2 protein chains.
Amino acid sequence: MTESLAKVNRRWQILSMSRTLTKTPKSETTRQAILAAAQRQFYENGYDGASVRRIARAVPIDPAMIMRYFGSKEGLFSAAVVIDLKLPDPGAIPRDRAGTAFVAHFLNLWEGERSAIGLPILLRSAVSNQDASDKIRAVFEKQVAPTVAGLTDADDADTRAALIVSQLFGLALCRYILKLPPVAEMTQDEIIARIGPVVQGHLWRD
Amino acid sequence: MTESLAKVNRRWQILSMSRTLTKTPKSETTRQAILAAAQRQFYENGYDGASVRRIARAVPIDPAMIMRYFGSKEGLFSAAVVIDLKLPDPGAIPRDRAGTAFVAHFLNLWEGERSAIGLPILLRSAVSNQDASDKIRAVFEKQVAPTVAGLTDADDADTRAALIVSQLFGLALCRYILKLPPVAEMTQDEIIARIGPVVQGHLWRD
DNA sequence: CGAAAAAGTCAACATGCGTTGACATTCTGA
DNA sequence: TCAGAATGTCAACGCATGTTGACTTTTTCG
């Protein structure tokens, strides 16, 4: 009967992952600690480079707990990396400053308090993990593309969105991952002044 | 004495790596086969994702041979990834078309015959391998930055070079690694028409 | 030819990985 | 209080990795 007990536990754990939390049972503390450690590790080393065992050591907790809480490394990754770009309503963006607004928004997102969660993690992971690149594509389709479409009347809004993304990802890549000196050292304002017009150009040129 | 024999062999092998090849001893064929397989694996899976054993299996050859020829996985990587951007002399580039020329040059480099060798490999590897990002920085400093400096009179040529690189890397990332649909599917001409002006802007704006 | 050098093979090593199931402890509510 | 649920620990599994040293086969050349 021990096996069926384990299965019930597993099932409960899967349920608890999606339930809305009102109280904070002891487990929730651990859950959050695991997520925080996982985000840090995934951010610093990418999906493959981060190991369940090292994440567990950082919490600290037994690796087996991670499997219990999240089912697998993939499950942990999915739970740890939740992307909400919080893009504003296109209607609320003044069109003549949309480019700089865009860049400022992303810099703020990437360098704000919760910066460990999000695109830089995906960027580091996507080169070796299919799930991560799928997630990036999903973010592009569901969050970036619609917003850009709301900002331009052009019929090639998707292409324009992709070009904007390519510039923003290139920025993130050079600044946070490669740490290419000039890009890594520029102030936010300098970046906004330089990249803003590029984004604006992608939106409006032609 | 067997150990000292092995060491002598190793020393010969290190010498042979740097010698100019006039004849083609049997070993050179194997060497090239290993390099070709390594480039492919590094390109497809990045430094960490590629394994010495799988490269060896692809040749096919015994993994120990790779150690003999290249000393270590790092040594193989260094030998396999040699970056020469072949950037033209700045003086030969018409300044009003420098942007499109730049983009066309890189697309040609990345999608030409020897495309497996080069930046896309580094890009995939750099997220998890320090050597790879160091190499990228070296390429930036020794090849891109000087060329850009020769194209502009501005005193912030380094910053401009970095911004150009961030756009080009973003393009490569989205097109070859993330395979983000709109970017991955655009024709070379479309990309040149869209990104060229951005590069031109980084060179000349202000 | 025949010896020495080169090229290639094989088995093993230590390590780290994701994951598992049995077990021990702690907490909670009837 | 005390059963049962929740939480946490431990040891082990099978596997893949980079690397090594002893070995055998093939090539080269006096």
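Remember, it's a predicted structure, so these values are computed and weren't measured experimentally. Sequence lines set the chain letters: A, B, ... in the order given, protein chains first and strands last, and positions in each chain run from 1.
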**OP:** Nearest whole angstrom, please: distance from the P of C:dT19 to the CD1 of A:Ile55.
**Re:** 11 Å
Subject >> Below 4.0 Å: OP1/OP2 of D:dG8 and any side-chain N or O of A:Tyr69 >> reply: yes
Pair up each side-chain donor or acceptor in residues 155-162 of chain B with any protein partner under 3.5 Å, not counting sequence neighbours, and list the distances.
| residue | atom | partner | partner atom | Å |
| --- | --- | --- | --- | --- |
| B:Asp156 | OD1 | B:Arg160 | NE | 2.7 |
| B:Asp156 | OD2 | A:Arg194 | NH2 | 2.2 |
| B:Arg160 | NH1 | B:His202 | O | 2.8 |
| B:Arg160 | NH1 | B:Leu203 | O | 3.0 |
| B:Arg160 | NH1 | B:Arg205 | O | 3.2 |
| B:Arg160 | NH2 | B:Arg205 | O | 3.1 |

**OP:** Calculate the interatomic distance between B:Glu74 atom CD and D:dT17 atom P; express it in whole Å.
**Re:** 17 Å
Subject >> Residues forming a ring-ring contact (aromatic ring centres under 6.0 Å, His included) with B:Tyr176, sequence neighbours excluded >> reply: B:Trp110
**OP:** For D:dG8, take OP1 and OP2 only and decide whether either is under 4.0 Å from a side-chain N or O of A:Thr30.
**Re:** yes
Distance-only donor-acceptor hits, side chain of residues 140-147 of chain B, under 3.5 Å, sequence neighbours excluded:
| residue | atom | partner | partner atom | Å |
| --- | --- | --- | --- | --- |
| B:Gln143 | OE1 | B:Leu85 | N | 2.8 |
| B:Gln143 | NE2 | B:Ile83 | O | 3.2 |
| B:Thr147 | OG1 | B:Gln143 | O | 2.8 |

**OP:** Please state how far atom CD in A:Glu28 lies from atom P in C:dT28, giving the value in whole angstrom units.
**Re:** 14 Å
**OP:** Please work out if A:Ala56 contacts a base, only the sugar-phosphate, or nothing of the nucleic acid, heavy-atom cut-off 4.0 Å.
**Re:** nothing
Subject >> d(CE, B:Met67; C1', C:dT9) in whole Å >> reply: 16 Å
**OP:** Can you run down the ring pair (Phe, Tyr, Trp, His ring centres under 6.0 Å) pairs that involve residues 45-67 of chain B, sequence neighbours left out, and say none if there aren't any?
**Re:** B:Phe42-B:Tyr47, B:Tyr47-B:Phe77
Subject >> Partners meeting ring-ring contact (aromatic ring centres under 6.0 Å, His included) with B:Phe169 (sequence neighbours left out) >> reply: none
Got a list of protein N/O to nucleotides 9-13 of chain D N/O distances below 3.5 Å?
| residue | atom | partner | partner atom | Å |
| --- | --- | --- | --- | --- |
| D:dC10 | N4 | A:Asp62 | OD1 | 3.4 |

Original post:
Between A:Leu76 (CG) and C:dT19 (C1'), how many Å, whole number?
Top reply: 14 Å
**OP:** Give a yes/no answer on whether the side chain of B:Ser51 brings an N or O atom under 4.0 Å of OP1 or OP2 in D:dA16.
**Re:** no
**OP:** Can you tell me the distance, in whole Å, between the CD1 atom of A:Ile66 and the P atom of D:dG8?
**Re:** 12 Å
